[in-house]
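Down below is the structure, laid out as structure tokens.
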Amino acid sequence: EVQLVESGGGLVQAGGSLRLSCAASGFTFDDYVIGWFRQAPGKEREGVSCISSNGGSTYYPDSVKGRFTMSRDNAKNTVYLLMDSLKAEDTAVYYCAAALYYYCSGFGYIPTDGITYWGKGTLVTVFP
């Protein structure tokens with residue numbers, strides 16, 4: 001069974017940090033580009049990071065660049081998103097997604113037409 005399971009969300013004060021994890025199973029992880037997306041209440045989903053299949057390249061939109069760091073451990077079939085200097089506007093459900101033999105856009109996300117698998121999300125709430 002294919003699974004992407006996010007964890008690490010929670011309640012954090014503005015200026016604080018959280019590290020999200022996304023554990024994959026049921027597919028050949030190394031063949032997939034992985035991205036993190038988020039969706040805040042009443043807003044459209046947006047990509048917040050993307051990492052190449054070998055972890056050598058990462059991409060971020062300007063909204064999180066310098067604050068978020070994505071990494072992956074292919075031996076553990078897991079990706080991480082370290083979020084520093086969190087702001088109230090970072091409050092959202094965060095999802096990881098996997099795309100087979102695909103690419104990261106220069107804007108920091110996987111084009112959604114290439115995504116094969118989605119996780120169910122983890123909620124991040126940043127309070128003032």
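Only heavy atoms go into these numbers, but all of them, side chains included; no hydrogens, no water, no symmetry mates.
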- Check whether Leu100 and Ile34 end up in the same hydrophobic cluster, where Ile, Leu, Val, Met, Phe, Trp and Tyr are linked by side-chain heavy atoms less than 4.5 Å apart. yes

- Task: Report yes if some heavy atom in the side chain of Leu86 is under 4.5 Å from a heavy atom in the side chain of Phe68; otherwise report no.
- Result: yes

- Item | Distance-only donor-acceptor check, side chains Asp84 and Ser17, under 3.5 Å | yes

- N/O donor-acceptor pair under 3.5 Å between Ser52 side chain and Ser57 backbone: yes

- Evaluate the side chain to side chain contact (heavy atoms under 4.5 Å, CB included) criterion for residues Thr78 and Tyr80: first the C-alpha distance (whole Å), next the side-chain angles of each, then the deciding distance (0.1 Å), finally the verdict. CA-CA 7 Å; Thr78 302; Tyr80 306 96; 3.5 Å; yes

- Could you state whether Ile51 and Tyr117 fall into the same hydrophobic cluster, counting links through intermediate Ile, Leu, Val, Met, Phe, Trp or Tyr residues with side-chain heavy atoms under 4.5 angstrom apart? yes

- Spell out, as yes or no, whether a donor-acceptor pair under 3.5 Å connects the side chain of Asp90 to the backbone of Ala14. no

- Query: How long is the span from the CH2 atom in Trp36 to the OG1 atom in Thr122, to the nearest 0.5 Å?
  - Reply: 7.5 Å

- Item | Derivation of the side chain to side chain contact (heavy atoms under 4.5 Å, CB included) call for Met83 and Val64 | CA-CA 9 Å; Met83 305 184 294; Val64 306; over 6 Å; no

- Is any side-chain heavy atom of Leu4 closer than 4.5 Å to a side-chain heavy atom of Cys22? yes

- Value rounded to 0.5 Å, distance of CG in Leu82 from OG in Ser49: 11.0 Å

- Item | Donor-acceptor under 3.5 Å (Arg67 side chain, Ser85 main chain) | yes

- Taking it one step at a time, do Glu46 and Ser63 satisfy side chain to side chain contact (heavy atoms under 4.5 Å, CB included)? CA-CA 10 Å; Glu46 63 169 333; Ser63 58; 4.2 Å; yes

- Query: Side-chain heavy atoms under 4.5 angstrom apart, residues restricted to Ile, Leu, Val, Met, Phe, Trp, Tyr: same cluster for Leu81 and Val12?
  - Reply: yes

- Output, in order, the C-alpha distance, side-chain angles, deciding distance and verdict of side chain to side chain contact (heavy atoms under 4.5 Å, CB included) for Thr116 and Val2. CA-CA 10 Å; Thr116 310; Val2 170; over 6 Å; no

- Message: So which atom in Ser105 and which in Pro111 form the shortest heavy-atom distance, rounded to 0.1 Å?
- Response: N-CD, 4.3 Å

- Give a yes or no answer on whether the side chain of Glu6 reaches the backbone of Lys120 with a donor-acceptor pair at less than 3.5 Å. yes

- Members sharing Trp118's hydrophobic cluster, built from side-chain contacts under 4.5 Å between Ile, Leu, Val, Met, Phe, Trp and Tyr, are Val33, Phe37, Val93, Tyr95, Tyr102, Tyr103, Phe107, Tyr109, Ile110, Ile115, Leu123

- Any side-chain heavy atom of Cys104 within less than 4.5 Å of one from Tyr59? yes

- Message: Measuring from atom CZ of Arg72 to atom OG of Ser53, what distance do you get when rounded to the nearest 0.5 angstrom?
- Response: 6.0 Å

- Note on the structure: The reported gap from CG in Asp31 to CG in Asn74 (rounded to nearest 0.5 angstrom) is 9.5 Å

- Task: List in chain and number order the residues that pass side chain to side chain donor-acceptor pair (under 3.5 Å) with Arg45, two or more places apart in sequence or in another chain; answer none if no residue qualifies.
- Result: none

- Task: Output yes when a side-chain donor or acceptor of Thr91 lies under 3.5 Å from a complementary backbone atom of Val126, and no otherwise.
- Result: yes

- Note on the structure: Across all chains, not counting sequence neighbours, the side chain to side chain donor-acceptor pair (under 3.5 Å) partners of Tyr94 are Arg38

